[in-house]
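Can you read through this structure? Questions will come right after.
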Protein chains: 2
Amino acid sequence: MSVRLTAQDAVLARLRDDILTGVLGPGDQLVQEALAERYGVSRVPLREALKTLESEGQLVYYPHRGYFVVELSVDDLREVYQLRALLEDAALRAAVPALDDQDVQHISTLSEEIDQAAADGDVIAMTDANRRFHFAMYDAAGMPRLSRLLRQLWEATDAYRAIYYQGEANRHRVTDEHSAMVLALRARDIDRLVALHDEHRTHSVAVVEAQLNPRDHIPHRTYPRENP
Amino acid sequence: MSVRLTAQDAVLARLRDDILTGVLGPGDQLVQEALAERYGVSRVPLREALKTLESEGQLVYYPHRGYFVVELSVDDLREVYQLRALLEDAALRAAVPALDDQDVQHISTLSEEIDQAAADGDVIAMTDANRRFHFAMYDAAGMPRLSRLLRQLWEATDAYRAIYYQGEANRHRVTDEHSAMVLALRARDIDRLVALHDEHRTHSVAVVEAQLNPRDHIPHRTYPRENP
DNA sequence: TCGCTCCAGATTGGATACAATCCGTCCATG
DNA sequence: CATGGACGGATTGTATCCAATCTGGAGCGA
């Protein structure tokens with residue numbers, strides 16, 4: 001019975017958290033020896049976790065120089081959200097007809113979980129609940145590959161999402177927008193749901209974009225050069 | 001100057017070839033010791049390459065049991081092509097206005113490369129040229145994330161594409177369809193290009209789908225069980 | 001025959017050790 | 001003062017070794 005996680009999976013989870021919370025910020029080099037010690041493992045499983053994050057697009061890798069947390073340009077960010085719009089719309093339109101009342105109820109419960117985490121001020125829990133809320137809808141489309149692509153796109157901006165839930169105003173708007181979406185779901189109003197969802201996404205990209213420019217982040221070691 | 005490839009990159013390339021050519025077929029377990037010896041490296045860089053292929057969706061991984069070449073169901077295959085349709089249409093529509101005459105000429109040249117490889121009967125070269133032809137168009141959209149997602153979707157079915165180019169009839173149709181697409185490109189007729197491209201994709205999925213069912217493949221060791 | 005437990009071999013997971021490469025610095029040279 | 005080249009520490013890349021886990025079959029009993 002494999003209740004015991006492998007070291008690489010444990011490390012992967014911790015890396016995701018550290019990127020999400022900003023412990024590892026955009027541009028930072030991930031020095032393997034230091035990280036391995038920090039997580040209490042050797043470099044071998046760490047490197048496999050890094051490789052996973054690289055192919056998800058959260059890290060960039062330069063042979064013989066190492067892994068760095070990606071630095072998104074404004075263009076990158078807009079592209080990610082443009083692709084999300086395309087794919088999330090498709091997912092929702094496929095999902096809604098497949099949802100029964102119990103599914104909708106479950107999604108509603110997840111929405112309340114977010115509010116609870118928000119009240120507790122637990123940013124990690126909130127991000128996590130938020131993701132479960134949205135993916136409960138996307139996954140209902142019954143298209144696992146689509147869900148997978150959407151997870152990647154979401155994770156690609158994790159490094160910049162940390163600050164989003166700090167603001168009180170943002171948290172309230174999120175709550176309201178989610179409630180409206182649940183109502184549209186109950187009514188099985190696909191067009192309205194998609195419209196609300198698009199608006200919701202647009203709000204969040206605006207906030208993240210504002211965070212993007214005025215950064216004077218000091219990298220851990222060196223900025224990666226262009227491909228030599 | 002890093003002309004020298006790292007072992008993991010070399011192994012990754014060889015793994016892709018072996019999957020593409022069917023040396024490693026759907027359902028096969030990738031026994032690390034054997035593969036490492038085959039490629040002349042140790043298991044460490046091999047495992048990193050395997051991890052990359054796993055997160056691209058070409059392999060599945062069960063902790064303590066190993067990596068297996070994915071076995072696509074008909075539903076999986078249809079989903080991949082449905083997603084490709086969505087994303088490729090978007091890519092083409094963004095790309096065409098950005099193409100100048102020189103770009104179109106380049107794409108036309110790539111089309112001839114495919115024909116040349118087909119004449120030589122070199123399946124690997126043909127697949128490679130075909131991919132460069134299509135991605136010359138997709139990449140022109142100037143959306144690197146989109147290109148990346150499309151690469152993943154293409155690679156996801158590599159294990160089943162090997163047989164496609166064996167048939168003489170398929171090869172001729174591919175040539176004709178590509179020529180028609182180049183003509184539409186020269187005329188900057190976006191709608192026509194997208195339509196031709198959709199048709200082209202539909203043909204190929206039909207052929208692959210036919211390959212999918214009547215399989216009596218003998219796996220290398222054991223079929224992976226469902227998630228325990 | 002069927003189902004169960006336990007053991008041995010096979011295979012994967014991870015730690016350590018060492019080799020290859022990179023990068024900043026110092027110094028010589030023009 | 002600028003430039004280039006060589007050295008050394010830091011970091012990454014890979015091989016080897018051992019531990020942990022799984023698989024399949026032998027043996028046994030119902």
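Atoms considered below: every heavy atom in the structure, side chains included; atoms not considered: hydrogens, waters and symmetry mates. All figures in this text were calculated on a predicted structure; none of them were measured in a lab. Below, chain A is the first sequence line, B the second, and so on; all start at residue 1.
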Measure NZ/B/Lys51 against P/C/dG13 and give the value in whole Å, please. 7 Å
Provide, to the nearest angstrom, the distance between the CZ atom belonging to B/Phe68 and the C1' atom belonging to D/dC22. 11 Å
Partner residues of A/Thr157 under the side-chain contact (heavy atoms from CB on, under 4.5 Å) criterion, sequence neighbours left out: A/Leu72, A/Leu77, A/Val80, A/Tyr81, A/Arg161
In whole angstrom, give the distance that lies between atom CZ of A/Arg47 and atom C1' of C/dT16. 14 Å
Distance check: side-chain N/O of A/Gln29 vs OP1/OP2 of D/dT12, anything under 4.0 Å? yes
Send over the distance from B/Leu46 CG to D/dG13 P, rounded to a whole Å. 16 Å
Spacing of B/Leu5 atom CG relative to D/dG13 atom P, expressed in whole Å: 12 Å
With the side chain defined as heavy atoms from C-beta on, A/Val31 is closest, among D/dT12, D/dA15, D/dG13, to D/dT12
Phosphate OP1/OP2 of C/dC23 contacted by A/Arg65 side-chain N/O (<4.0 Å): yes
Which part of the nucleic acid, if any, lies within contact of B/Tyr61, taking any heavy atom under 4.0 Å across all strands shown: a base, the sugar-phosphate backbone alone, or nothing? sugar-phosphate
Using whole Å, what does the distance between atom P of nucleotide D/dC22 and atom OH of B/Tyr67 come to? 16 Å
Ordered by number, residues from residues 32-42 of chain A within less than 4.0 Å of DNA chain C (heavy atoms) are A/Val41, A/Ser42
How many whole angstroms separate atom NE2 of A/His64 from atom P of D/dG13? 6 Å
Rounded to whole Å, how long is the line connecting atom CG of B/Leu30 with atom C1' of C/dA10? 16 Å
Looking only at side-chain N and O atoms, does B/Arg43 come under 4.0 Å of OP1 or OP2 in D/dA15? no
Pairs counted as Watson-Crick or G-U wobble with both distances under 3.5 Å: what dot-bracket string results for DNA chain C, using | for bases tied to another strand? ||||||||||||||||||||||||||||||
